[in-house]
Q: 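Supplied in structure tokens, the structure appears directly below.
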Protein chains: 2
Amino acid sequence: MTSHDASPAAPGAPGPRPMRADAVRNRAKVLDAARAAFAAEGLAVPLDEIARRAGVGAGTVYRHFPTKEALFEAVIADRLLALAGDAESRLADDGVDAGEAFFGFFFALIEDAEAKADLAEALMAAGVHLQPETRHAAGRLTGGFSRLLERAQRAGAVRGDVTVTELHALVVGAMAAEKRAAGEPGKMTRIIADGLRA
Amino acid sequence: MTSHDASPAAPGAPGPRPMRADAVRNRAKVLDAARAAFAAEGLAVPLDEIARRAGVGAGTVYRHFPTKEALFEAVIADRLLALAGDAESRLADDGVDAGEAFFGFFFALIEDAEAKADLAEALMAAGVHLQPETRHAAGRLTGGFSRLLERAQRAGAVRGDVTVTELHALVVGAMAAEKRAAGEPGKMTRIIADGLRA
DNA sequence: GGGCAAACGGGGCGCTCGTTCCGTTTACTT
DNA sequence: AAGTAAACGGAACGAGCGCCCCGTTTGCCC
């Protein structure tokens with residue numbers, strides 16, 4: 001819930017002015033509405049609709065986020081950080097072997113994206129022109145995933161000729177396949193995972 | 001090149017009136033321009049752009065195709081028929097075994113879609129509200145693919161717990177993965193294909 | 001409680017794009 | 001060669017949507 005912070009910049013040091021109470025409240029309402037709306041319909045949802053659901057005017061949204069894209073990224077950055085945290089905690093867990101940890105995350109990642117249209121879209125997008133905050137979050141996720149992959153490869157659980165970039169592409173592919181196949185959730189992902197085993 | 005036919009309806013029997021010469025010419029020009037434009041940019045290309053490339057006015061496009069969607073489908077139906085023909089000819093070829101035939105088509109299908117943004121989009125789309133002609137073409141493709149799959153499964157080359165629908169989903173997934181991964185074309189598809197083997 | 005800057009909100013602008021309309025041109029007929 | 005209906009083309013319409021402007025409201029400080 002990092003994005004529920006009151007101030008968009010310089011949270012610790014008291015900057016020029018503290019935010020007004022209603023502004024803080026509205027920022028949170030917009031963010032919550034955006035989360036729900038983007039998750040349900042992806043970037044396609046009109047900004048006016050988000051404003052309406054948040055109970056504010058469109059102008060208010062634009063005071064807090066310079067552009068629709070920026071609002072989208074604010075939502076996405078949160079999700080990416082959560083996923084990065086998941087990867088890192090699996091990495092730290094000594095109870096499961098490398099292969100299990102890797103595939104566990106692989107499945108969790110795709111399952112999560114399935115329920116969040118925006119995340120899927122964000123991962124599919126080329127990812128150009130990202131704000132620094134988003135870029136950092138994406139980097140942390142990639143880093144964690146990369147270490148999970150390496151460990152699993154060293155353990156002989158995953159074929160050695162796959163890079164993180166290719167893995168990312170396969171995740172996108174699995175999400176696309178999963179969305180297309182109605183019955184038996186996770187089956188497409190399982191097939192693709194089988195193709196990844198050594 | 002079935003769509004280069006002069007008359008949209010009743011080609012054999014002389015209907016109400018034969019088409020005027022310039023109309024025939026323009027229809028073909030529109031179809032060619034649409035083919036190129038849709039292949040390059042998918043459905044996103046504006047209709048005015050297609051008209052411009054074809055050297056006609058937008059109104060002319062609409063006399064031949066009631067809607068942009070209909071024009072799109074006219075292009076897609078051709079592609080689907082060509083693919084169905086490919087599947088059928090592989091089916092008829094006794095020189096290759098069932099597994100080879102299946103995977104050969106699998107790779108060909110994805111490679112083809114890679115070069116044609118519109119085909120990829122069409123396969124990804126839910127496919128609701130299709131014109132009868134398109135529905136028929138899609139059915140023929142699915143039928144051929146289905147027989148290739150069955151034969152390969154019976155031969156033990158492909159895992160038995162996959163249906164045509166799921167296969168379709170995996171094709172879409174492979175296309176998505178392939179588009180996302182820059183280097184070494186076909187690698188993502190090969191990994192997914194490995195997941196499909198028995 | 002009064003003053004003031006910050007925040008609000010929604011009407012409106014500008015752009016894109018699918019579709020239609022209609023005055024003009026062009027191919028066929030006799 | 002003249003008449004006619006089919007076909008043309010591009011200006012114009014309308015809908016959707018991102019974004020901005022500005023008159024009004026509201027929280028904050030003295």
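Below, chain A is the first sequence line, B the second, and so on; all start at residue 1.
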Q: Which whole-number value in Å describes the distance from A:Arg63 CZ to D:dT26 C1'?
A: 12 Å
Q: Expressed as a whole number of angstroms, how long is the span from B:Leu47:CG to D:dG9:P?
A: 14 Å
Q: When you check the gap from the basic side-chain N to the acidic O, do A:Lys187 and B:Glu166 get nearer than 4.0 Å?
A: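 Salt bridge flag = yes for B:Glu166 with A:Lys187.
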Q: Return the minimal non-hydrogen interatomic distance between A:Arg180 and B:Leu123, and the atom names on each side.
A: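 Nearest pair, atom of A:Arg180 first, then B:Leu123: NE-O, 3.2 Å.
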Q: Just the rounded figure in Å: distance from P of D:dC17 to CG of A:Leu71.
A: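 Interatomic distance, CG of A:Leu71 to P of D:dC17: 16 Å.
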Q: Could you check whether A:Glu150 pairs with A:Arg147 (Lys NZ or Arg NE/NH1/NH2 to Asp/Glu carboxylate O, under 4.0 Å)?
A: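 Salt bridge absent between A:Glu150 and A:Arg147.
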Q: Taking OP1 and OP2 of C:dG18, is either one under 4.0 Å from a side-chain nitrogen or oxygen of B:Thr67?
A: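 For C:dG18, OP1/OP2 do not have a side-chain N/O of B:Thr67 under 4.0 Å.
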Q: Roughly how many Å is it from CZ in B:Arg52 to P in D:dC8, rounded to a whole number?
A: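 Spelled out: CZ on B:Arg52 to P on D:dC8 is 19 Å.
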Q: Could you give the CG-to-P distance, from A:Asn26 to D:dT26, as a whole number of Å?
A: 12 Å
Q: To the nearest angstrom, how far is B:Tyr62 atom OH from D:dA12 atom C1'?
A: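 Result: 14 Å.
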Q: Thinking salt bridges, do B:Arg90 and B:Glu100 make one under a 4.0 Å N-O criterion?
A: no
Q: Send over the distance from A:His64 NE2 to C:dA6 C1', rounded to a whole Å.
A: 11 Å
Q: Start at the 5' end of DNA chain C and walk down; is the nucleotide closest to A:Gly57 or to B:Pro46 reached first?
A: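 Closer to the 5' end of DNA chain C: A:Gly57.
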Q: Go through C:dG9, D:dC8, D:dC19 for me and flag the one nearest to the A:Asp48 side chain.
A: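 For the A:Asp48 side chain, the nearest candidate turns out to be D:dC19.
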Q: Just the rounded figure in Å: distance from P of C:dC8 to CZ of A:Arg27.
A: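 My rounded result for the distance is 11 Å.
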Q: Do NZ/NE/NH1/NH2 and the carboxylate oxygens of B:Arg53 and B:Glu41 come within less than 4.0 Å?
A: yes
Q: Taking A:Arg35 first and then A:Asp32, would you say they form a salt bridge - that is, a charged N and a carboxylate O separated by under 4.0 Å?
A: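 Judged by the 4.0 Å cut-off on N to carboxylate O distance, A:Arg35 and A:Asp32 do form a salt bridge.
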Q: Please tabulate the protein-to-nucleotide N/O contacts below 3.5 Å involving nucleotides 26-30 of chain C, giving atom names and distances.
A:
from	atom 1	to	atom 2	distance (Å)
C:dT26	O2	B:Arg20	NH1	3.1
C:dT26	O2	B:Arg20	NH2	3.4
C:dC28	OP1	B:Ala21	N	3.2

Q: What I want to find out is whether A:Arg197 reaches B:Asp194 closely enough, with some N-O distance under 4.0 Å, to be called a salt bridge.
A: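 Not counted as a salt bridge, because no side-chain N and carboxylate O are separated by less than 4.0 Å.
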Q: Does OP1 or OP2 of C:dG9 have a side-chain N or O of A:Thr60 closer than 4.0 Å?
A: yes
Q: With respect to the side chain of A:Ala58, which nucleotide from D:dC20, C:dG18, C:dC8 is positioned closest?
A: D:dC20
